[in-house]
Chemist: 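One structure coming up, written as structure tokens, with questions to follow.
Source: prediction; values computed, not measured.
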Amino acid sequence: MPGAAWAATATSGTSSAAILFGLAGLVVVAKIGGLAAERLGQPAVLGELLAGIGLGNLLPLVFGGEGLGFVRDQPALQVLAEIGVLILLFDVGLETDLRAFRRVGVSSLLVALIGVAVPFALGWGTSAWLLPDRSPLVHVFVGASLTATSVGITARVLKDLGASQSREAQTILGAAIIDDMLGLIVLAVVSGMATASGTGAAGPSWGATIGILLKAIVFLGLAVLSSQLVAARVVHAVGRTGQHGLILVVGVALCFTLAFLAEAIGLAAIIGAFAAGVLLDPCGAGVRAREDEETLAELLHPLSAVFVPLFFVLMGIQVDVPSLLGADTIGTGVVLVVAAIAGKLASALGVVSPGVKRGAVAIGMVPRGEVGLIFAGIGASLTVAGEPLLTQGLYSALVLMVVVTTLVTPIGLRRTL
């Protein structure tokens with residue numbers, strides 16, 4: 001089919017066949033990218049992201065100017081991608097062990113606090129310096145994007161190095177769990193500020209901001225406090241039905257319900273998805289309704305294998321390489337990379353336990369991975385005064401930061417451990 005005709009069909013917005021064709025192609029490309037990255041010793045998420053970048057920037061050269069415009073703007077695919085990110089955060093919640101909060105030492109707590117505060121300040125300062133004409137909410141969101149830490153990437157590298165039981169690993173993983181919770185609260189506050197702001201000015205008042213913060217804390221707090229009571233009863237009730245896989249239906253339904261409730265009170269939907277995972281499996285031990293069936297996380301895997309890579313490949317498609325190669329975007333990206341790495345390296349100051357390698361702990365906190373992409377994706381979807389919170393160039397710069405921090409972490413950990 002000629003390029004112009006293909007583009008016309010794809011962008012018509014009325015053909016379900018075009019949407020299905022696009023979905024099939026995206027899922028396959030994402031899987032190929034993920035497998036290629038794993039073959040090279042990198043996280044699958046990095047391959048899925050790069051596959052999306054390549055797809056979004058190479059196909060327009062073949063099929064004309066429209067290229068994959070229908071993918072970028074197709075509501076049906078965006079909804080499926082949002083399902084992917086909700087499932088991802090639900091899975092993260094299922095793996096979160098609340099008992100770790102009692103086990104982590106002072107070092108983990110200090111590393112997490114410094115690892116959130118310093119990158120936030122550096123990101124805010126960098127954005128305010130490089131983009132003085134943008135809304136203060138933009139500077140706040142850039143700072144929030146730098147707070148993220150991908151515990152999954154660090155945990156995988158530590159496992160590959162046979163260092164999962166080392167004191168450095170325990171400090172990193174304990175800090176990363178706290179970091180995730182703090183990062184989600186920061187994201188809830190910032191996205192709530194952007195949603196509540198009707199102008200491009202300073203955004204909501206301090207009172208409104210504190211209100212959003214309290215809502216986020218209360219929402220997650222209720223999930224944590226009620227988890228011990230709710231989890232056992234729900235699992236027991238599902239197990240009594242004798243229906244194989246029913247726990248998956250209940251879990252996904254709870255995930256989407258809490259995501260809806262989170263949005264309804266002005267928080268990000270992923271906060272609700274994460275809370276649902278914590279609510280059903282507060283110990284991260286692998287909840288199962290029956291002894292003869294898989295855990296909920298294992299039952300969830302087929303859904304994750306389709307929808308989560310779809311989210312990341314769509315995030316890659318949003319990156320415009322020509323704008324990324326512009327002098328301003330490259331400059332912004334380089335400065336953000338430096339700020340992102342320096343901010344997490346500062347967390348080494350929080351290591352007070354004797355005999356723990358501070359350098360290894362600090363480097364283990366550096367990767368942004370999938371969490372950083374979620375922050376960037378949410379920022380690109382938010383609007384202030386009718387304009388995207390993150391411009392194409394700034395979004396691309398944040399993706400560059402995510403890629404670089406994800407790549408340098410395995411190298412750094414191998415050297416320090």
Chemist: Taking side chain as C-beta onward, heavy atoms only, is Val278 less than 4.5 Å from Leu220?
Modeler: no

Chemist: Is a side-chain donor or acceptor of Thr329 paired with a backbone partner of Ala397 at a separation under 3.5 angstrom?
Modeler: no

Chemist: Taking all heavy atoms of Val313 and all of Ala51, pick out the closest pair and write down the distance.
Modeler: CG2-C, 4.2 Å

Chemist: Can you check whether Gly379's main-chain N or O pairs, donor with acceptor, with Tyr395's side chain at less than 3.5 Å?
Modeler: no

Chemist: Show the numbers, then the answer: is there a side chain to side chain contact (heavy atoms under 4.5 Å, CB included) between Leu303 and Leu300?
Modeler: CA-CA 6 Å; Leu303 288 177; Leu300 190 66; 4.2 Å; yes

Chemist: Which atom names give the shortest non-hydrogen contact between Phe307 and Ile87, and what distance separates them?
Modeler: CD1-CD1, 4.1 Å

Chemist: Using atom types as modelled and distance alone, determine if a side-chain donor or acceptor of Thr405 lies under 3.5 Å from a backbone N or O of Val402.
Modeler: yes

Chemist: For the CG atom of Leu349 and the CG atom of Leu110, what is their distance to the nearest 0.5 Å?
Modeler: 10.0 Å

Chemist: With distance as the sole test, does Lys344 use its side chain to make a donor-acceptor pair with the main-chain N or O of Thr147 at under 3.5 Å?
Modeler: yes

Chemist: Short question: side chain of Glu298, backbone of Thr295 - any donor-acceptor pair under 3.5 Å?
Modeler: yes

Chemist: Does Leu23 reach the side chain of Leu77, with side-chain heavy atoms less than 4.5 Å apart?
Modeler: yes

Chemist: Decide yes or no for Leu279 and Leu258: does some side-chain heavy atom of the first lie under 4.5 Å from some side-chain heavy atom of the second?
Modeler: yes

Chemist: Mark yes or no for whether Lys357, through its side chain, and Thr416, through its backbone, hold a donor-acceptor pair below 3.5 Å.
Modeler: yes

Chemist: What verdict does the side chain to side chain contact (heavy atoms under 4.5 Å, CB included) test give for Thr149 and Val116, after you've listed the backbone C-alpha separation in whole Å, the side-chain angles of each residue and the deciding distance to 0.1 Å?
Modeler: CA-CA 9 Å; Thr149 294; Val116 169; over 6 Å; no

Chemist: Looking at side-chain heavy atoms only, is the closest gap between Asp281 and Leu296 below 4.5 Å?
Modeler: no

Chemist: Can you tell me how far the CG atom of Leu398 sits from the CG atom of Leu373, to the nearest 0.5 Å?
Modeler: 10.0 Å

Chemist: Would you give the length of the straight line joining atom CG of Leu88 to atom CD1 of Ile374, rounded to the nearest 0.5 angstrom?
Modeler: 4.5 Å

Chemist: Just by distance, do the side chain of Ser396 and the backbone of Val319 share a donor-acceptor pair under 3.5 Å?
Modeler: no

Chemist: So, do Leu80 and Phe311 sit near enough that their side-chain heavy atoms are less than 4.5 Å apart?
Modeler: no

Chemist: Counting neighbours of NZ on Lys215 that are heavy atoms of other residues, nucleotides or ligands and sit closer than 6.0 Å, is the number greater than 12?
Modeler: yes

Chemist: Using side chain to side chain contact (heavy atoms under 4.5 Å, CB included), reason through Ile53 and Leu50 one step at a time and then give a plain yes or no.
Modeler: CA-CA 5 Å; Ile53 294 175; Leu50 294 177; 4.1 Å; yes

Chemist: Do you know which two heavy atoms are closest between Gly333 and Leu400, and how far apart they sit?
Modeler: CA-CD2, 4.0 Å

Chemist: Any side-chain heavy atom of Leu94 within less than 4.5 Å of one from Asp91?
Modeler: yes

Chemist: Kindly give the heavy-atom pair with the smallest separation between Ser347 and Met365, and that separation in Å.
Modeler: OG-CG, 4.0 Å

Chemist: Under 3.5 Å, is there a donor-acceptor pair between the side chain of Ser226 and the main chain of Leu222?
Modeler: yes

Chemist: Any heavy-atom pair between the side chains of Val138 and Ser135 that's under 4.5 Å?
Modeler: yes

Chemist: Would Phe120 and Leu146 satisfy side chain to side chain contact (heavy atoms under 4.5 Å, CB included), going step by step from the backbone distance to the final call?
Modeler: CA-CA 6 Å; Phe120 181 82; Leu146 265 62; over 6 Å; no

Chemist: Quick one: pull up CG in Leu26 and CD1 in Ile317 and give me the separation to the nearest 0.5 Å.
Modeler: 4.5 Å

Chemist: Taking the side chain as C-beta and beyond, is there a heavy-atom pair between Phe90 and Leu86 under 4.5 Å?
Modeler: no

Chemist: Return the minimal non-hydrogen interatomic distance between Ala144 and Phe375, and the atom names on each side.
Modeler: O-CE2, 3.1 Å

Chemist: If you look at every heavy atom in Ala30 and Glu48, which pair is closest and at what distance?
Modeler: O-CG, 3.3 Å

Chemist: Using 0.5 Å steps for rounding, measure from the CD1 atom of Ile247 to the CG atom of Leu280.
Modeler: 6.0 Å

Chemist: What's the separation between atom OG1 in Thr409 and atom CZ in Arg368, rounded to the nearest 0.5 Å?
Modeler: 8.5 Å

